[in-house]
Amino acid sequence: MDIHKEKAIPAACGGTPVRDKKIYYGHQYIDEADIQAVADVMRSDYLTCGPKIGELERKLCQVTGAKYAVVCSNGTAALHMACMAAGVGPGDEVITTPITFAASANCALYCGARPVFADIREDTYNIDPASVAEKVSGKTKAVVAVDFTGQSVELDELTALCRKNNLVLIEDGAHVIGTKYKGKNNGSISDMTTLSFHPVKTVTGGEGGAVLTNSEEYYKKLLLYRAHGITRDPEMMEGEPEGDWYYEQIALGYNYRMTDMQAALIMSQLDKLPMFSKRRKEIVARYNEAFSRLPQLRVQKEIPESDTTRHLYILRLVPERLSIGRKEFFDALAAENVCCNVHYIPTYYFPYYRKLGYEKGICPKAEKLYEEIISLPLYYAMTGRDVEDVIEAVIKIAEYYSK
Ligand SMILES: Cc1ncc(COP(=O)(O)O)c(C=O)c1O
């Protein structure tokens with residue numbers, strides 16, 4: 001069928017679905033080397049706090065160019081530890097974007113601070129440095145800038161703004177592994193960068209997270225917060241060590257440790273990062289090529305400074321050119337067996353945030369974006385056929401409902 005010559009009938013209107021098998025928006029890729037790496041740990045002496053933790057931290061420093069890495073149980077724990085290391089506390093404000101997973105703002109709440117939402121750029125969907133500048137107050141302590149979809153935030157502008165106002169720049173890099181900003185790996189630039197190794201991310205450990213930093217001061221604090229605030233370093237103790245068993249709790253930390261099984265899996269996955277990155281870039285290029293031809297659709301703008309390994313592919317609808325809304329488009333794709341998602345519901349829409357006093361209307365560009373987006377399938381193991389099926393389904397629906 002030549003989809004450019006005739007209007008094919010969507011499955012939602014009685015036509016034949018493009019695929020007979022469902023495809024989902026994300027999926028991990030696990031090979032035998034990954035399984036072997038985990039099995040080796042399970043046969044070893046240490047299941048947690050063993051040698052794999054330090055090995056992974058060294059490997060993350062090599063891969064990203066950061067001086068220090070502290071791995072932890074997940075990306076949310078990483079954000080919490082980063083906020084604590086930045087000194088965020090009651091009465092402070094932390095600026096972030098609403099187009100993110102809730103953890104990017106929750107980390108401020110965990111510290112007793114108030115998240116303040118800055119609007120996004122209408123074309124890149126990343127936090128807008130100009131909006132951040134408008135939201136800075138005497139109470140602002142840190143900025144949590146999310147590299148949404150894996151595209152780097154505008155680090156030069158945000159760094160300058162943070163330096164000028166004495167703020168800590170925390171990059172929420174849950175999506176960013178594999179991306180470079182002006183030729184340098186994200187993770188080696190901001191005061192602290194957090195990572196997530198959740199299964200839909202480019203590199204997974206099942207669960208897992210990390211904080212990357214070039215600051216020894218932050219590094220030492222992060223080590224403490226990961227493990228209950230406990231130290232075995234005599235120089236950090238108030239008392240004299242009473243023996244080899246001795247340790248002191250000198251701060252209030254958490255159990256945010258990562259297991260050695262997770263660390264081994266993440267290391268094995270990192271070996272595949274160049275391959276993951278290449279394939280994700282190929283799929284994004286093919287989607288962009290196909291969708292940028294249609295006036296009913298918009299593709300995410302990429303800033304030239306970011307060499308992006310995309311974690312998510314966001315399709316944006318042009319409501320003026322379509323006779324259906326996002327929900328109908330989303331459901332029509334599901335009827336074609338293309339199962340998508342939406343990233344993200346603006347954080348302050350959630351009932352918990354509404355009860356804290358946040359109201360709709362704070363970030364108009366983010367709110368408009370939310371109405372118009374769908375996350376399409378994007379993951380390493382997608383075949384060429386999978387990619388073409390997704391494209392065919394999207395074009396079929398966009399053309400059928402064109403206005
Ligand atoms: C932007 C962003 N920040 C933070 C997180 C939290 O990471 P985790 O799920 O590893 O706790 C996620 C994960 O979904 C995320 O997408």
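Residue numbers run from 1 in the order of the sequence given. Remember, it's 1-based here, ligands and their atoms both numbered in the order they're listed.
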Query raised in the report: Side chains of D386 and T383: do they bring a donor and an acceptor to under 3.5 Å?
Result: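 Looking only at side-chain atoms, T383 and D386 do form a donor-acceptor pair, the distance falling under 3.5 Å.
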Query raised in the report: Taking N or O atoms only and a 3.5 Å limit, does S196 qualify as a polar contact for ligand 1?
Result: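 Indeed, backbone or side chain, S196 has an N or O that close.
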Query raised in the report: Do ligand 1 and T76 have nitrogen or oxygen atoms that lie under 3.5 Å from each other?
Result: yes
Find all atoms of ligand 1 within a distance of less than 4.0 Å from any non-hydrogen atom belonging to [X], and give their numbers and elements.
X    : answer
V146 : 1 (C)
Y344 : 16 (O)
S104 : 3 (N)

Identity and separation of the nearest protein heavy atom to [atom]:
atom                    : result
atom 2 (C) of ligand 1  : A174 CB, 3.4 Å
atom 5 (C) of ligand 1  : F101 CD2, 3.8 Å
atom 4 (C) of ligand 1  : D172 OD2, 3.5 Å
atom 8 (P) of ligand 1  : G75 N, 3.5 Å
atom 16 (O) of ligand 1 : H175 NE2, 2.9 Å

Can a cation-pi geometry be assigned to [X] and [Y], taking NZ or CZ under 6.0 Å from the six-membered ring centre and within 45° of the ring axis?
X    : Y    : answer
K360 : Y348 : no
R326 : Y370 : yes
R114 : Y358 : yes

Query raised in the report: Is any side-chain N of the basic residue among R286 and E289 closer than 4.0 Å to the acidic one's carboxylate O?
Result: yes
Report task. Take T309 and S277 through the side chain to side chain donor-acceptor pair (under 3.5 Å) test and state the conclusion after the steps. Result -> CA-CA 5 Å; T309 293; S277 201; 2.4 Å; yes
Query raised in the report: Heavy atom of K201 under 4.0 Å from ligand 1?
Result: yes
Report task. Run the contact test for G209 against ligand 1 with a 4.0 Å cut-off on heavy atoms, strictly below, and give the result. Result -> no
Query raised in the report: Which residue from T149, T100, T194 reaches closest to atom 1 (C) of ligand 1 through any of its heavy atoms?
Result: T100
Requested in this report: Let me see the working for R121 and E154 under salt bridge (charged side-chain N to carboxylate O under 4.0 Å, His left out), right down to the final yes or no.
Outcome: CA-CA 11 Å; R121 261 181 64 167; E154 291 163 90; 3.1 Å; yes
**Report entry** Ring centers of F350, Y352 separated by less than 6.0 Å
**Finding:** no
Report task. Measure across E336 and A11 and return the closest heavy-atom pair with its distance rounded to 0.1 Å. Result -> OE2-N, 2.7 Å
